[in-house]
> 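Here it is, the structure, as C-alpha cells.
Index from 1, following the sequence.
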Amino acid sequence: MAAAAALARLEQKQPRARGPTSQDSIRNQVRKELRAEATVSGSLEVPGTNVVPEPREAGSTHLAVPGVYFTCPLTGATLRKDQRDARIKEAILSHFATDPVAASIMKIHTFNKDRDRVKLGVDTIAKYLDNIHLHPEEEKYQKIKLQNKVFQERINCLEGAHEFFEAIGFQKVMLPVADKEGPEEFYVLSEAVLAEPQSLERHREQLLAAEPVRATLHRQRRVFQPSPLASQFDLPGDFFNLTAEEVKREQRLRSDAVERLSVLRTKAMREKEEQRELRKYTYTLLRVRLPDGCLLQGTFYARERMAAVYGFVREALQSDWLPFELLALGGQKLSEDENLALNECGLVPSALLTFSWDMAVLEDVKAAGAKPDSSILKPELLSAIEMLS
C-alpha cells in the first residue's frame with residue numbers, strides 16, 4: 001500500500017510527456033522492483049534466502065533457538081547474554097580464594113575496559129618488577145610510593161592492581177619521607193619474596209601475557225529430522241543489535257525504501273547499503289541440510305569465518321576425515337578458507353546451507369573397497385534428534 005501511494009505521488013507530481021522520459025524509466029523501474037518484492041514476499045519457502053524474520057520475545061513458542069547463550073571459561077556454566085559479564089566477574093572474584101595472583105591478573109585485564117589504559121598500567125607494573133629483578137640489592141626498588149604521580153595516574157586507577165601487588169608479596173607500610181612532616185604510604189616487598197626473586201619474574205610474565213576473560217559463544221548444537229520448515233527461522237531478539245521493538249518499527253517504516261527506489265542508484269550504491277544493513281547483526285543461526293535430509297543447527301558470531309562453520313560440522317560427523325563442501329543458495333560453494341565473514345557472505349541473521357561430500361574422494365574410498373559409515377552424524381547426536389516445529 002505504501003509502495004502504491006509513493007508511486008501515485010510520483011505520477012501526480014510529473015505531467016506525462018509525449019515520449020518516454022527519465023521519469024518514465026524511473027516509474028518502470030519502481031514497478032519492476034515492487035513486483036519482484038511482492039513475488040518474494042508471497043513465497044512460503046526459498047531455501048537459503050535471508051529475508052529478515054521478525055524477532056520474537058524470549059518466551060514465545062516455536063522459536064528456532066531460545067536465545068543467545070555463552071559458556072564461562074572458569075566454571076563451565078552456561079550463561080544468558082544479559083548475565084555473562086556479571087557472572088564472569090563473580091567467577092573471577094571467587095578465584096581469589098584459591099589463586100589470588102591469577103585472580104588479580106584476570107581482574108586487571110577483564111574489569112577495566114580501556115585497553116590502552118590497561119596496557120600502560122601493566123607495562124608500568126612490569127617495569128617496577130623488572131627493576132627489582134635486575135637490581136636485587138638496591139633498596140629503593142623494593143618499595144613503591146603510593147602517592148607517586150606515575151603510580152596514581154597509571155596504576156591506582158586500575159581495578160585489581162592493588163590486589164596484584166598484595167598477592168605477589170607487597171605490604172602497605174607507612175614510612176617517613178624526607179622534607180615531609182608526616183609519613184606516607186608505600187608498598188614494600190616482603191623478606192620472603194626477596195629471598196626468591198624468580199617468583200616476581202614469573203608473575204611479571206603472567207601479567208604481560210594475560211588476556212581478558214571472555215565467555216565463549218555457546219553453539220547450542222541441535223539436530224532435527226528432515227522437515228519442509230528447514231528454511232523458516234523464528235529468532236529471538238538476542239540475534240539483533242536493535243531491540244525487538246526497534247526492529248518492528250523499522251519494518252513499519254519500510255515504505256521509505258520505496259521512496260528510495262525513485263532515485264536512480266548504481267549497483268555499487270545498493271551493495272554498500274546492503275552491507276550497512278548486515279552490520280545490524282551480531283549473531284547468526286545456521287542450519288546445514290545433510291544428504292539424508294537431517295538438519296544440523298548452530299549459533300555463530302556474524303563476523304566469524306567459514307572455517308568455524310566447517311569445524312562445527314566436522315565435529316558432528318561420524319566420518320570426520322572425509323572432505324565435504326557447504327553450499328549456499330543456488331549451489332554457490334562456500335570455501336573453508338573463505339576470508340569473508342559470515343555477514344559478508346549474506347548468511348545473517350539466519351541461513352540454510354547444503355552439505356555435500358567430495359564425490360571424487362568418495363568414489364576413491366569405494367573403489368578401494370572401503371565403505372563409508374551408513375550414518376552421517378555421530379550416534380550420540382542422532383539419539384537426541386528432534387522434530388522441527
> For a quick test of reading the model, state the closest non-hydrogen atom pair linking P226 to D292 and the distance between them.
CG-O, 3.7 Å
> Restricting to pairs with a member in residues 79-112, which pass ring-ring contact (aromatic ring centres under 6.0 Å, His included), not counting sequence neighbours?
none
> OG/S319 to CG/L377 distance, rounded to the nearest 0.5 angstrom?
10.5 Å
> Pairs in or reaching into residues 332-353: which pass ring-ring contact (aromatic ring centres under 6.0 Å, His included), with residues at least two apart or in two chains?
none
> Does M174 CE have over 12 foreign heavy atoms under 6.0 Å away?
yes
> Y69 vs R80, test: side-chain contact (heavy atoms from CB on, under 4.5 Å). Steps then yes/no.
CA-CA 5 Å; Y69 288 82; R80 292 197 314 270; 3.5 Å; yes
> Heavy atoms only: give me the nearest P73-V213 pair and the separation to one decimal.
CG-CG1, 3.6 Å
> Should Q142 and L194 count as side-chain neighbours, where that means a heavy-atom distance under 4.5 Å?
yes
> If you look at every heavy atom in S375 and L382, which pair is closest and at what distance?
OG-CD1, 3.0 Å
> Quick one: which residue pairs count as a side chain to side chain donor-acceptor pair (under 3.5 Å) with a foot in residues 210-220, not counting sequence neighbours?
R219-E304
> Could you check L322 against W357 for side-chain contact (heavy atoms from CB on, under 4.5 Å), going step by step and ending with a plain yes or no?
CA-CA 8 Å; L322 276 175; W357 291 115; 3.4 Å; yes
> Not counting sequence neighbours, which residues clear salt bridge (charged side-chain N to carboxylate O under 4.0 Å, His left out) with K172? List them please.
none
> Nearest heavy-atom pair of C72 and A91: which atoms, and what distance?
SG-CB, 4.1 Å
> For I108 versus A161, what's the shortest heavy-atom pair and its separation?
CG1-N, 3.8 Å
> Would you compute the distance between atom CD of Q198 and atom CD of E201 and round it to the nearest 0.5 angstrom?
10.0 Å
> Would I168 and L129 satisfy side-chain contact (heavy atoms from CB on, under 4.5 Å), going step by step from the backbone distance to the final call?
CA-CA 10 Å; I168 65 175; L129 302 183; 3.9 Å; yes
> Do the side chains of V68 and T282 get nearer than 4.5 Å, heavy atoms only?
no
> By side chain to side chain donor-acceptor pair (under 3.5 Å), which residues pair with R222, not counting sequence neighbours?
E386
> Between T110 and K89, is a side-chain contact (heavy atoms from CB on, under 4.5 Å) present by the stated rule, with each step listed?
CA-CA 8 Å; T110 308; K89 287 185 176 182; 5.6 Å; no
> Grab the two heavy atoms, one from L63 and one from P236, that are nearest each other, plus how far apart they are.
CD2-N, 4.0 Å
> Is it possible for you to say whether F239 and L79 belong to one hydrophobic cluster, with membership spreading through side-chain heavy-atom contacts below 4.5 Å?
no
> So I385 and C294, do their side chains get closer than 4.5 Å, heavy atoms only?
yes
> Side-chain contact, heavy-atom cut-off 4.5 Å: P379 with Q318?
yes
> Knowing that exactly one of L158, I155, I105 qualifies, which makes a side chain to side chain contact (heavy atoms under 4.5 Å, CB included) with F164?
I105
> Once ring-ring contact (aromatic ring centres under 6.0 Å, His included) is applied, do any residues pair with Y310, and if so which ones, sequence neighbours excluded?
F324
> Can you name the residues that form a ring-ring contact (aromatic ring centres under 6.0 Å, His included) with H135, not counting sequence neighbours?
Y141
> Is there a side-chain contact between V173 and K143, using heavy atoms and a 4.5 Å cut-off?
no
> Could you list the residues that satisfy salt bridge (charged side-chain N to carboxylate O under 4.0 Å, His left out) with K145, not counting sequence neighbours?
E184
> If a pair satisfies ring-ring contact (aromatic ring centres under 6.0 Å, His included) and one of its residues is in residues 172-211, list it, with sequence neighbours excluded.
H162-Y187, F165-Y187
> Once side chain to side chain donor-acceptor pair (under 3.5 Å) is applied, do any residues pair with R314, and if so which ones, sequence neighbours excluded?
E336
> Would you please name every residue forming a salt bridge (charged side-chain N to carboxylate O under 4.0 Å, His left out) with E159, sequence neighbours left out?
none
> One thing to verify: whether D123 and K127 come together as a salt bridge, which I'm taking to mean a side-chain N less than 4.0 angstrom from a carboxylate O.
no
> Going by ring-ring contact (aromatic ring centres under 6.0 Å, His included), name the residues that satisfy it together with Y283, two or more places apart in sequence or in a different chain.
Y301
